[in-house]
Amino acid sequence: MTRDRTQVAIVGAGPAGLTLAQLLHVAGIESVVLEDRSRAYVEQRIRAGVLEQGTVDLLVDAGVGERLQREGLVHHGIEIQFEGERHRIPLSDLTDGRTIVIYGQTEVVKDLVRIRLDAGLPLLFEVGDVSVHGVETEQPSIRFSHAGVNHLLECDVIAGCDGYHGICRPSIPRGALREFSREYPFGWLGILAAVPPSNDELVYAHNERGFALLSLRSPELSRLYVQCRPDEDLAAWPDDRIWEELQLRLGLDGWTLAEGPVLEKGVTGMRSYVAEPMRHGRLYLAGDAAHIVPPTGAKGLNLALHDVRVLAEALAAWYRTGSTTLLDAYSVTCLRRVWRAEHFSWWMTSMLHRLDSDDDFGLKLQLAQLRYVTTSHAAAVSLAENYVGLERV
């Protein structure tokens, strides 16, 4: 077994782990990133694509925003559709000019991987047998295998950025965490289509047949979703049926949804989940390892990068001054924003999805809420400031 040492060991090369590594590098702190998947897999998996203003600023300040600024699509509003009408929420007008940027998570990851490898910093893909040890001591470590060799990596701190199904959170002793969750009785059937977007801004559509979302990934690629069962069989959804359903849920008089070849399709379940606290000893959880939100509010990636910003600042202060004040406050600081985002995502999900096809009373309540949000300045401001990302929570 080879024996190595670093300051911060990061498990997971998703956007949280890679962004943390870059922030630490800028602060002069060493780290090693371990990922069980291949580089090709990590750079190709389709995930979120809506970046808050604060997320964009963070990536630019960290030195990985050149392509993002060049290719990202800046949006100043979104549209909400119900009862055959569309209503625009002018995000920038309601939030002192703040915006969202459409830039796929895959592109964020590609940028982060490239800059780390170009700098010759340690990033290991396809590692196996990962286990964390000694997190309740001042000398935690990680054991793993890579390229047929067993390794022991000693460190000061372990960052668990390995997602909901990773190994870091389950390694925390039973009883040390309190977990909160909610499962939704529906999912999203999403497609990536080779067709220019049919609208300049995202459209969130409430329909008696179920929710639909018109989104995009680039000027040539559309990303669209329809509400479905969480256990939906993709075989029952040929491309023609998907487009037909999208036309029914998004269609308006005088407007046409453009169709094109479907490049990818998949079903995403909907859940809310939070683990508290987000720290155990020298192990710090970030991103999906600690919390999950339904995608309706576009908060998952943005929450993960806020977590690692807080963690990077706390670690920099600790190494610089020896004070643990910010590290001790890490979980509380992050969870304030996490629970705000959980509520916003739940609210958006509950307002836009058909919850029960037989519940006409619930349907009327949704329509009343939608009418209020799109006619009340105060209600629109609340939606807008949450959507673009609250500056402080």
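In this text, all values refer to a predicted model and were calculated from it rather than measured experimentally.
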(message) Tell me whether Glu71 contacts the main-chain N or O of Tyr103 through its side chain, where contact means a donor paired with an acceptor under 3.5 Å.
(response) no
(request) Find out whether Thr349 and Phe186 are in side-chain contact, i.e. whether some heavy atom of one side chain is under 4.5 Å from a heavy atom of the other. (result) yes
(message) Would you say Ser323 and Thr321 are linked by a side-chain donor-acceptor pair, where the criterion is simply a distance under 3.5 Å?
(response) no
(message) Quick check for you: to the nearest 0.5 Å, what is the distance between Leu305 atom CG and Leu23 atom CG?
(response) 8.0 Å
(message) In this structure, would Tyr225 and Val50 fall into the same cluster of hydrophobic residues linked by side-chain contacts under 4.5 Å?
(response) yes
(request) For the pair Arg337 and Asp307, find out whether any cationic side-chain nitrogen is under 4.0 Å from an anionic carboxylate oxygen. (result) no
(message) Any side-chain to backbone donor/acceptor pair from His146 onto Phe125? Under 3.5 Å, distance only.
(response) yes
(message) Quick one: does any side-chain atom of Arg169 pair with a main-chain N or O of Ala289 as donor and acceptor, under 3.5 Å?
(response) yes
(message) Would you say that Ile242 contacts Leu224 through its side chain, given a criterion of any heavy-atom pair below 4.5 Å between the two side chains?
(response) no
(request) For residues Leu327 and Leu311, determine if any side-chain heavy atom of one lies less than 4.5 Å from a side-chain heavy atom of the other. (result) yes
(request) Mark yes or no for whether Lys265, through its side chain, and Trp237, through its backbone, hold a donor-acceptor pair below 3.5 Å. (result) yes
(request) Verify side chain to side chain contact (heavy atoms under 4.5 Å, CB included) between His306 and Glu52, making sure each step is shown before the conclusion. (result) CA-CA 10 Å; His306 179 266; Glu52 295 175 355; over 6 Å; no
(request) Ignoring hydrogens and angles, tell me if any N or O in the side chain of Gln227 forms a donor-acceptor pair with the backbone of Phe211 under 3.5 Å. (result) yes
(request) Can you measure from CD1 (Ile142) to CD1 (Ile167) and round to the nearest 0.5 angstrom? (result) 7.0 Å
(message) Quiz question: by atom type and distance under 3.5 Å, do the side chains of His291 and Glu342 form a donor-acceptor pair?
(response) no
(request) Heavy atoms only: give me the nearest Ala286-Val308 pair and the separation to one decimal. (result) CB-CG1, 3.9 Å
(request) Report yes if the side chains of Leu283 and Cys168 come closer than 4.5 Å at any heavy-atom pair, otherwise no. (result) yes
(request) Tell me whether Leu68 is reachable from Val108 by hopping between hydrophobic residues (I, L, V, M, F, W, Y) whose side-chain heavy atoms are closer than 4.5 Å. (result) yes
(message) Please determine whether side chain to side chain contact (heavy atoms under 4.5 Å, CB included) holds for the pair Glu201 and Ile78, giving the CA-CA distance in whole Å, both sets of side-chain angles, and the decisive distance to 0.1 Å.
(response) CA-CA 5 Å; Glu201 297 179 330; Ile78 61 172; 5.6 Å; no
(request) Answer whether the closest heavy-atom distance between the side chains of Phe82 and Gln369 falls below 4.5 Å. (result) no
(request) Evaluate the side-chain proximity of Ser171 to Val135: yes if any heavy-atom separation is below 4.5 Å, no if none is. (result) no
(message) Looking at Asp156 and Arg5, is there a salt bridge between them, counting it only when a charged N and a carboxylate O are closer than 4.0 Å?
(response) yes
(request) Identify the heavy atoms of Leu117 and Leu121 that sit nearest to each other, and give their distance. (result) CD2-O, 4.4 Å
(request) Following the transitive rule for hydrophobic clusters with a side-chain heavy-atom cut-off under 4.5 Å over Ile, Leu, Val, Met, Phe, Trp and Tyr, establish whether Val11 and Ile172 coincide in one cluster. (result) yes
(request) Decide if atom CD of Glu138 counts as having more than 12 heavy atoms of other residues, nucleotides or ligands within a radius under 6.0 Å. (result) no
(request) I would like to know whether Trp347 and Thr296 meet side chain to side chain contact (heavy atoms under 4.5 Å, CB included); could you show each step before the answer? (result) CA-CA 9 Å; Trp347 176 73; Thr296 324; over 6 Å; no
(message) Looking at every heavy atom in both Arg279 and Gly281, which two are closest together, and how far apart are they?
(response) NE-O, 2.9 Å
(message) Donor-acceptor pair, distance only, cut-off 3.5 Å: does the side chain of Ser222 make one with the backbone of Ala193?
(response) no
(request) Evaluate the side chain to side chain contact (heavy atoms under 4.5 Å, CB included) criterion for residues Asp239 and Ile191: first the C-alpha distance (whole Å), next the side-chain angles of each, then the deciding distance (0.1 Å), finally the verdict. (result) CA-CA 9 Å; Asp239 296 356; Ile191 63 168; over 6 Å; no
(request) Give, for atom CZ of Phe144 and atom CG of Leu34, the distance between the pair rounded to the nearest 0.5 Å. (result) 5.0 Å
(message) Between Arg98 and Glu385 (salt bridge meaning N to carboxylate O under 4.0 Å), is one present in this structure?
(response) no
(message) Whether Arg371 and Glu83 form a salt bridge (side-chain N of Lys/Arg under 4.0 Å from carboxylate O of Asp/Glu) is what I want to check.
(response) yes
(request) Return yes if some donor-acceptor pair links the side-chain N/O of Gln7 with the main-chain N/O of Val157 below 3.5 Å, else return no. (result) no
(request) Considering non-hydrogen atoms only, spot the tightest contact between His133 and Ser131 and give its length. (result) NE2-OG, 2.7 Å
(message) I want to know whether Trp339 and Phe180 have ring centres closer than 6.0 Å.
(response) yes
(message) Does any part of the side chain of His206, heavy atoms only, come nearer than 4.5 Å to the side chain of Leu363, both counted from C-beta?
(response) yes
(request) List the atom of Leu250, the atom of Ala212, and the distance in Å for their closest heavy-atom pair. (result) CG-CB, 4.0 Å
(message) Give me the atom names and distance for the closest heavy-atom approach of Ala316 to Ala27.
(response) CB-CB, 4.3 Å
(message) Tell me whether Leu248 shares a hydrophobic cluster with Leu214, the cluster being built from Ile, Leu, Val, Met, Phe, Trp, Tyr side chains joined at under 4.5 Å.
(response) no
(message) Given 3.5 Å as the limit, does a donor-acceptor pair link the side chain of Asp288 with the main chain of His165, or not?
(response) no
(message) Check whether Ser331 reaches the backbone of Met278 with its side chain - one donor and one acceptor, N or O, closer than 3.5 Å.
(response) yes
(message) For the backbone of Arg209 and the side chain of Arg249, can you confirm whether one donor and one acceptor N or O come within less than 3.5 Å of each other?
(response) yes
(request) Count the heavy atoms of every other residue, nucleotide or ligand shown that sit under 6.0 Å from CD of Glu66, and state whether that count exceeds 12. (result) no
(message) Ignoring hydrogens and geometry beyond distance, is a side-chain donor-acceptor pair present between His76 and Thr99 at under 3.5 Å?
(response) no
(request) State, with a plain yes or no, whether a side-chain heavy atom of Cys228 is found less than 4.5 Å away from one of Val267. (result) yes
(request) Using a strict 4.0 Å threshold on nitrogen-to-oxygen distance, state whether Arg241 and Glu244 make a salt bridge. (result) no
(request) Assess whether atom CG of Asp328 is packed by more than 12 heavy atoms of other residues, nucleotides or ligands within 6.0 Å. (result) yes
(request) Might you confirm whether atom CZ of Arg70 has over 12 heavy atoms from other residues, nucleotides or ligands at distances under 6.0 Å? (result) yes
(message) Less than 3.5 Å apart, any donor N or O on the side chain of Arg182 or Tyr184 sitting next to an acceptor on the other?
(response) no
(message) For Asp118, I'd like to know if atom CG has over 12 heavy atoms of other residues, nucleotides or ligands within 6.0 Å.
(response) yes
(request) Examine Val130 and Ile158 and state if one hydrophobic cluster contains both, with Ile, Leu, Val, Met, Phe, Trp and Tyr joined whenever side-chain heavy atoms are less than 4.5 Å apart. (result) yes
(message) Can you see whether Arg116 engages Ser31 through a side-chain donor-acceptor pair at a distance of less than 3.5 angstrom?
(response) yes
